Amino acid sequence: MQETASNEKQLNFLEEIIEQGLSEGKYEAIQTRFPPEPNGYLHIGHAKSICLNFGLAKKYGGKTNLRFDDTNPVKEDTEYVDAIQEDIKWLGFEWASIHYASDYFEQLYKWACVLIEKGLAYVDDQSLDEIRANRGTVTEPGKPSPWRDRSVEENLDLFERMKNGEFEDGSKVLRAKIDMAHPNMQFRDPIMYRILHANHHRTGTKWCIYPMYDYAHGQSDSIEHITHSICTLEFDIHRPLYDWFIEQLGIWPSHQYEFARLNINYTVMSKRKLLQLVKEGYVNGWDDPRMPTICGFRRRGYTPESIRNFCERIGVAKRDNVIDYSLLEFSLREHLNKVAQRRMAVLDPVKVVIDNYPEGQSEMLTAVNNPECEADGTREVPFGRELYIEREDFMEDAPKKYFRMTIGQEVRLRYAYFVTAQSVEKDAEGNITCIHCTYDPATRGGDAPDGRKVKGTIHWVSAQHAVDAEVRMFDRLFATEAPDEAPEGKTFLDNLNPNSLTVLQGCKLEPALASTAISTEENGVKAPVRYQFERMGYFCTDPDSSEGHLVFNRSCRFTLLFLPCSFSWQVKAFCPQVCLWTD
RNA sequence: UGUCCAAUGGUGUAAUGGUAGCACAUCUGACUCUGGAUCAGCCAGUCUAGGUUCGAGUCCUGGUUGGACAACCA
């Protein structure tokens, strides 16, 4: 109890700012916003921002708007608008209202005229290159534009004609008139408007001038009375400009606060790079289960809870950070362990024949659906003379600590019987094609009446009743911890993990899975159905499944198993780090 | 050689001038009809030099290191 009490006092820096403002009466309730640009799909870094913006408002009884920052028509598209809304909903958040920066174009235009009238903005005829050259560098001051001192009347006239489409793209811009020698580059007469004869996803061809981020964002916040405009660190240096526009316009004072963006090792978090992976076919779309996108994690089998818990756990601060991928997987396992029903599935099957089990006989055995949730009940699993077990669960020459099946060692078939391997059949190459066992009928259900114990329990599927499936095994998309750091002449693409996807065919599932739903609805969004395949990890249905052809994705494996000197398919293909460790 | 931001175990994050705590990772052990889960435990930290103070991770100054800013992107 005291623990929780003291934990509640441990606020992050944003909560402190909010609580202080609340107690000082700066605002009655907080208002936040999540402002994505609809130019790509949301990724786990956005999830952090979403959890912050929506979470903070929720915690303090405030509201959160969804606002599309759509001020650059050449990059934006309604496809992204729809996907973004779906992802936010799926994560379990609701916006108070939905807005578009483009809704404010008219107001923004009027305010620009106000600044011109105050002598704080001017139309610049310089070319892109001239503007760039005259901006100076971080250590040298810039040079004023020759057009900097045009009259208010001329500026007003020119700006209106810009709006009316009289000029070509790039021929003129509207600039704030601040200080070309300012040590903060953002203040060297920042561009407010550029001419873009482009079709906008919402306003069509109504406008041919579009506001820049710095001129649009703060004013949009102000219009919506956003009390806390929370953004990432790279905008820190923009804050003085954010404040400047609001102050000069004398409008409702929103304030900006910055936090450090999320980085996770073994992955990239830039929209540009994610787009490249999709466009150039390194992955199969934005929702490829290897992608760090929200829709990718959804298809991978992640739950909204697991992502929210992850975002809670990583905390928020102003220092750069790189989170271990393992923390994400921990959050997933933690949740799935509680909610995922268990099933038996043999991914790399080898045939087992129980020689003393009557031919042609089969029976039903009872298995627990989820030991963590009694309400999930039990199911019946068919058992017969011929079974499949994991190839990895049998070893001819086993070391002492190998508890699974080997000649003469009794093991338990989960929920079924104790069996003992007697002999094997092999093909010409020496591969095991069949294992012959004997079983003890007295151990039905998995316990011996005489109280004898076995060290190992393995999963199995009745050969006669097995359902075939395809299973996609994923490993990390990148082979290196910091994929962005590529040596001279290389790019992040050179850091891709060539073994990030392995497709297994002919996997054998217990028949209960034949009737599984392929998808379910979660927070109003279509999501996969998730299972734990006993001893193998967490898996979920993939939408590529069709009638008679089930496809499962591996969401994550369990924490690394102890695999003494075994060099099986599993180790080789999916646990390169284990190979090193057991070598 | 400018302006701004930041430095706490391997990785994150608390401690708000008063015992440096928590989580993940790693390792050990216990238990188990999943080598899962669970439980217990180990290892490990305040960038540096001064200053203020009875007392500094916290305040001040210098240094060091890392990051952001020179798109008509956001």
Side-chain angles (χ1 to χ4, degrees), chain A residues 3 6-7 9-12 16 35-37 39 69-72 74-76 124 126-128 131-133 135-142 169-175 182-188 191-196 209-210 212-214 216-217 231-240 258 260 265 271-272 313-331 333-334 337-338 342 344 367-368 371-372 401-404 412-416 418 445-447 453-459 532-538 557-564:
Chain A
E3 279 283 305
S6 67
N7 281 345
K9 289 197 78 175
Q10 294 182 354
L11 304 176
N12 66 49
E16 272 177 33
E37 182 189 12
N39 67 346
D69 220 340
D70 55 352
T71 57
N72 186 4
V74 301
K75 287 188 179 174
E76 295 151 8
D124 192 348
Q126 289 183 110
S127 70
L128 200 164
I131 289 178
R132 196 174 284 164
R135 186 150 28 216
T137 69
V138 289
T139 51
E140 303 161 59
D169 287 8
S171 60
K172 284 179 169 49
V173 290
L174 183 73
R175 289 232 252 173
H182 200 105
N184 180 346
M185 298 290 293
Q186 308 301 323
F187 272 65
R188 320 250 261 228
I191 293 169
M192 293 166 60
Y193 273 91
R194 76 283 213 191
I195 301 171
L196 240 34
I209 55 170
Y210 291 92
M212 299 287 288
Y213 169 86
D214 284 306
H217 203 96
C231 63
T232 47
L233 243 33
E234 64 267 31
F235 293 100
D236 173 295
I237 204 157
H238 295 243
R239 182 167 15 97
E258 310 85 20
N265 56 13
K271 271 195 204 172
R272 203 205 90 233
R313 243 184 284 258
I314 58 177
V316 57
K318 295 190 75 159
R319 64 188 96 107
D320 293 330
N321 61 86
V322 182
I323 307 288
D324 268 350
Y325 198 92
S326 61
L327 187 60
L328 228 193
E329 293 206 315
F330 168 81
S331 299
R333 280 191 214 101
E334 176 191 50
N337 178 50
K338 290 197 197 100
R342 319 281 123 133
M344 290 199 283
V368 174
E372 306 287 322
K401 284 205 150 187
Y402 187 83
F403 301 142
R404 289 167 275 171
R412 172 167 38 233
L413 294 176
R414 178 137 235 234
Y415 297 124
F418 286 9
D447 281 305
K453 302 282 182 197
V454 289
K455 296 281 275 192
T457 299
I458 62 176
H459 61 282
Q532 182 195 108
F533 288 173
E534 297 225 20
R535 303 205 311 128
M536 302 308 286
Y538 294 98
R557 45 163 102 77
F558 293 128
T559 44
L560 293 182
L561 305 177
F562 174 58
L563 300 167

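Since the model is a prediction, treat every value here as computed from it, not as a measurement. Numbered from 1 within each chain, the chains take letters A, B, ... in sequence-line order.
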> If only side-chain N and O atoms count, and only distance matters, is there a donor-acceptor pair under 3.5 Å linking A/N265 with A/D324?
yes
> Is there a Watson-Crick or G-U wobble partner for B/U28 with both distances under 3.5 Å, and if so, which one is it?
B/A40
> Taking atom types as modelled and ignoring hydrogens, do the side chains of A/N184 and A/Q186 form a donor-acceptor contact shorter than 3.5 angstrom?
no
> B/U34 base to A/Q532 side chain: any donor-acceptor pair below 3.5 Å?
yes
> B/C69 pairs with which nucleotide, Watson-Crick or G-U wobble, both distances below 3.5 Å?
B/G2
> State the syn/anti category of B/A71 according to its glycosidic angle, syn meaning within 90° of 0.
syn
> Per the atom types in the model, does the base of B/U13 pair as donor or acceptor with the side chain of A/R313 at under 3.5 Å?
no
> In the strands shown, is B/A7 matched to any nucleotide by a Watson-Crick or G-U wobble pair with both distances under 3.5 Å, and which?
B/U64
> Taking only side-chain nitrogens and oxygens of A/R414, does any of them come within less than 4.0 Å of OP1 or OP2 of B/U32?
no
> Within less than 4.0 Å of OP1 or OP2 of B/G2, is there a side-chain N or O belonging to A/R135?
no
> Quick one: label A/N337 by what it contacts on the DNA or RNA (base, sugar-phosphate, nothing), any heavy atom closer than 4.0 Å.
base
> Strictly by Watson-Crick or wobble contacts shorter than 3.5 Å, is anything paired with B/A74, and which nucleotide is it?
none
> Taking the basic N atoms (NZ, or NE/NH1/NH2) and the acidic carboxylate oxygens, is any pair closer than 4.0 Å for A/R135 and A/E140?
no
